[in-house]
Amino acid sequence: MKQLSNTRIAELLGETAALYEMESEPFKPRAYERAALAIEAREEPLYETFAIGGPGALKEIPGIGAGIAAHIAELLARGTFAEYERLKKKTPVAVGELVAVEGIGPKTVKTLWEKLKIKNLDELEAAARAGTLRALPGFGEKSEEKILKGIAFRREVGGRMILGAVLPVAHALEHKIGAFPEVKKAVAAGSVRRMKETVGDIDILAVSEKPEETMKKIAKLPEIERINVRIVQPESWGAVLNHFTGSRAHNIALRERALKKGWKLNEHGLFSTEEELYAKLGLKYIEPELREMTGELEASQNNKLPDLIGYNDLKGDLQAHSDWTDGTRSIEEMARAARALGLEYIAMTDHTQGLAMTGGMNEKEFAEQVKEIDALNKKLKTESVKLRILKSAEVNIKKDGSLDLADDALAKMDFAGASVHSHFELSVKEQTKRLIKAIEHPLVDIIFHPSARMLNKRPPIAADWSEVIAAAKENGTVLEIDAAPERLDLHDELIRQCVQAGVLLSIGSDAHSPDGFKALRLGIGQARRGWAEKKDIVNTLPVEKMLVRLKRNRGR
Ligand code: DGT
Ligand code: CA
Ligand code: ZN
């Protein structure tokens, strides 16, 4: 059997999804994408699941059907699968790196291959520079410029992985290495521990009674490609953990502080805990998410550190999708899954008509959804299930800042979210005006994923964020931290600006299936990186108190 990592399997399935889309297969692309996401978010390696339970166990995983389970079984046996090879033979291109460029989808990749024999990013870049793309139907000088920009952005973000893809791997490694009999503990340090939105590599620290044996075992793990492992003496644990948690700039500042006190600080210091180390420097303990040299040392010294929102502080989720639009599960399934995770409320925020590709709702469809939610809430109540489903939507913001759903539909919601899904290229002035217009709408309570960025794919829209934040403050409009792994939007710096300005924030999973709720942790991590406290995040409140903080209920 091949011990392929979950990341690698997810990559291959993602590529298969794109290859199917090129063939205009109707359902397969979504199914393979869904499976890839489920696998990426999984801690237990599939080869283990398979070794213990066979193909039957793979089929049990939510998001993986019988067909895909069989492909994975073949993949684990041979390192590839026939269907993938067949598709790849037809279109032998590096589809993964090509579709990673903003604006390039599988269909475009197919055209590029058929008409220009473009196989990879370098060839695409050369063609865009040479001006040969504009000869293709639907292409022009503008699209060449856009593609060059997209490629430049990809190169800039380089090989960094998104936190949402790394965190399950890091946790799995902590558990696996931690379970070796000779190992006392194993912890992921570095940017993973700081919950940074993208990660260069995973730094694992372990205390072991038999370091050589441990290192030998670790070298055999399939995840090893981008891992650094260090064995630590227990008496230096605090010093080493602190050093390898970083950030580099934070370390350097601590070191200078120690020098001023006349002693040397390094990773060999005799501190068994980080608390001891900070205390010795005359500082209060600083949470890893704050260690970026953005004022945390001064705050610690002056006892002004924020009392950060905790990872268990959310009472509800304010953004989730169902099969009414592009989610994969019914409202009821999403609701019950949310309750199983301990949430007390969940807002159903399906898309609206402007986003046609998701099957977005019009006013009539929304009115029907309201009926379903009312009935479901009754049903949950009779079963004494402590969960309330809130009526909402992710209303599309049009180019001019107006909305694609009528006000009387918005008025029937518990709250409305609005967000940008198009016209990313507007000037700063136009984009700012557009966002502020949505913020000022009396029935828009929350702006979802305000900067519309996609990690490693699309930069944030250009807007004057201090103006946007001031408008949110003035209008009592909440700004969201969308926790979806590919978004994390608002990002940490903007979150900090909101906190400083006293703008209320929300955290939404943007889940499209129950698996998606896992993302909430990522959102909380970013909130912490933005110095947010519990009081800054509206959905740390129980449902009634949360609702009265929203704009439409002001003064009630
Ligand atoms: P990454 O992996 O690029 O996402 O970011 P980090 O922060 O995990 O950085 P990494 O993996 O290069 O190193 C882990 C930590 O080790 C880093 O946060 C601080 C510490 N470190 C590494 N190299 C240096 C260095 O040259 N000077 C200092 N002061 N600390 C270092
Ligand atoms: Ca690292
Ligand atoms: Zn959206």
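The shown structure was predicted, so the numbers you read here are calculated from the model rather than taken from an experiment. The figures here come from the full heavy-atom set of this structure, side chains too, leaving out hydrogens, waters and symmetry mates. We count ligands from 1, going down the list as the structure has it; atoms in each ligand are counted the same way.
Aromatic ring pairs are classed by plane angle as parallel below 30°, tilted from 30° to 60° and perpendicular above 60°; the pair H421 and H351 is perpendicular.
D515 and S513 are not linked by any side-chain donor-acceptor pair at a separation below 3.5 angstrom, with hydrogens and angles left out of the test. Side-chain N/O atoms of T432 and D464 include no donor and acceptor closer than 3.5 Å. Using modelled atom types and a 3.5 Å distance limit, the side chains of S236 and Q233 yield no donor-acceptor pair. There is no side-chain donor-acceptor pair under 3.5 Å between N362 and Q353. When only modelled atom types and interatomic distance are considered, W465 and E493 share no side-chain donor-acceptor pair under 3.5 Å. T325 and D350 are linked by a side-chain donor-acceptor pair at a separation below 3.5 angstrom, with hydrogens and angles left out of the test. A donor-acceptor contact closer than 3.5 angstrom links the side chains of E296 and H250.
Heavy-atom proximity to V199, at under 4.0 Å, picks out these atoms of ligand 1: 4 (O). Below 4.0 Å from some heavy atom of D201 lie the following atoms of ligand 1, by number and element: 2 (O), 11 (O). Close contacts between ligand 1 and G200 involve ligand atoms 1 (P), 2 (O), 3 (O), 4 (O) [criterion: under 4.0 Å to a heavy atom]. Close contacts of ligand 1 with N251, meaning ligand atoms under 4.0 Å from a residue heavy atom, involve 19 (C), 20 (C), 29 (N), 30 (N). Close approach of ligand 1 to F244 is summarised as follows: ligand atoms under 4.0 Å from at least one heavy atom of the residue are 14 (C), 15 (C), 16 (O). The distance from ligand 1 to the heavy atoms of I252 drops below 4.0 Å at these ligand atoms: 29 (N).
Here the Ca ion (ligand 2) has protein N, O or S atoms under 3.0 Å from it, and they come to 3.
Considering CD of E197 and CG of L488, their distance stands at 6.5 Å, rounded to 0.5 Å.
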Could you walk me through whether L173 and V229 pass the side-chain contact (heavy atoms from CB on, under 4.5 Å) test, one step at a time?
CA-CA 10 Å; L173 285 166; V229 185; over 6 Å; no
Apply side-chain contact (heavy atoms from CB on, under 4.5 Å) to residues I177 and L221 and explain how you reach the verdict.
CA-CA 10 Å; I177 298 169; L221 297 176; 4.2 Å; yes
Begin with the C-alpha distance, continue with both residues' side-chain angles, and end with the deciding distance and a verdict on side-chain contact (heavy atoms from CB on, under 4.5 Å) for S422 and K399.
CA-CA 7 Å; S422 59; K399 186 179 176 188; over 6 Å; no
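In terms of N/O distances under 3.5 Å, ligand 1 is not approached by S247. Polar contact with ligand 1: present for R160 (N/O pair, distance under 3.5 Å).
Comparing E292, R248, R194 against atom 7 (O) of ligand 1, the shortest heavy-atom distance belongs to R194. Nearest residue to atom 18 (O) of ligand 1 from G246, G190, S191 is G246 (criterion: closest heavy atom).
At a cut-off of 2.8 Å, measuring from the Zn ion (ligand 3), the protein N, O or S atoms that fall short of it are E394 OE2, H421 NE2, H449 NE2, waters left aside.
Using a 4.0 Å heavy-atom cutoff, T245 is listed among the residues neighbouring ligand 1.
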